[in-house]
Amino acid sequence: MKIDLRIENEINKKLLDKAKSLNISRSDLIRKYIEKGLEQEGYTGEQEEIFIRNLKTALNEVLKPHVERICAISAKSGIASASAYFLSATTFNAFVHPSMKSEFTDAINDAKKMGIAFMRTKDVSIDDIMDDGVSRLKNKYLSK
């Protein structure tokens, strides 16, 4: 059976070059590619489910230790951060004059809000946030 087929010039040149290198006609090469393409079914049905299950198992085995390590580091960082925050707040509170306690509490709350805002940001450097935060706190509390 004869079939007319339209293809781009670039693809035609590749087919001609490949056919020439194999010492066969372009038509024979196209028939060969069509036959190979029809033989390829890939994963279907149960095969696909087995492949996906095996892939998930393999990924889990590789990634699980790394994810657990990142979680442990993150938890330790959170504990260290919270400890530093409470130590700083407690220490500074001990040295703040009673008449300044209200402003001190406000400053601590502002710093906490800035920390929360930083945790929610993406693609912003810690240095930029710190510089901005220190500047805002200085302007609010030390310029009086």
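Only heavy atoms go into these numbers, but all of them, side chains included; no hydrogens, no water, no symmetry mates. Because the structure is a prediction, the values reported are computed rather than measured.
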Drop me the distance from Met119's CE to Met114's CE, to the nearest 0.5 angstrom. 15.5 Å
Drop me the distance from Leu137's CG to Ile108's CD1, to the nearest 0.5 angstrom.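 Rounded to the nearest 0.5 Å, the CG-CD1 separation comes out at 9.5 Å.
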Listing request: all salt bridge (Lys or Arg N to Asp or Glu O under 4.0 Å) pairs with a residue in residues 104-115, at least two apart in sequence or in separate chains. Asp110-Lys140
Review item, side-chain donor-acceptor pairs of residues 74-99, under 3.5 Å, at least two apart:
| unit_1 | atom_1 | unit_2 | atom_2 | d |
| --- | --- | --- | --- | --- |
| Ser77 | OG | Ile73 | O | 3.0 |
| Ser83 | OG | Ile79 | O | 2.8 |
| Ser88 | OG | Ala84 | O | 2.9 |
| Thr90 | OG1 | Phe86 | O | 2.7 |
| Thr91 | OG1 | Leu87 | O | 2.7 |
| Asn93 | OD1 | Lys101 | NZ | 3.0 |
| His97 | ND1 | Ser99 | N | 3.1 |
| His97 | ND1 | Ser99 | OG | 2.8 |

Would you call Lys18 and Ile24 a side-chain contact if the rule is heavy atoms closer than 4.5 Å?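 Lys18 vs Ile24: side chains apart.
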Can you list, pair by pair, the side-chain donor-acceptor contacts under 3.5 Å of residues 54-72, counting residues two or more places apart and other chains?
| unit_1 | atom_1 | unit_2 | atom_2 | d |
| --- | --- | --- | --- | --- |
| Asn54 | ND2 | Ile50 | O | 3.4 |
| Thr57 | OG1 | Arg53 | O | 2.9 |

For Asp28, the salt bridge (Lys or Arg N to Asp or Glu O under 4.0 Å) test, sequence neighbours excluded, returns Arg31
Asp128: salt bridge (Lys or Arg N to Asp or Glu O under 4.0 Å) partners, not counting sequence neighbours: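 Per chain and number, Asp128 pairs via salt bridge (Lys or Arg N to Asp or Glu O under 4.0 Å) with no residue.
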Donor-acceptor pairs are to be reported for all side-chain atoms of residues 4-16 against protein atoms at under 3.5 Å, with residues two or more places apart or in another chain.
| unit_1 | atom_1 | unit_2 | atom_2 | d |
| --- | --- | --- | --- | --- |
| Asn12 | OD1 | Arg26 | NH1 | 2.4 |
| Lys13 | NZ | Asp17 | OD2 | 3.0 |

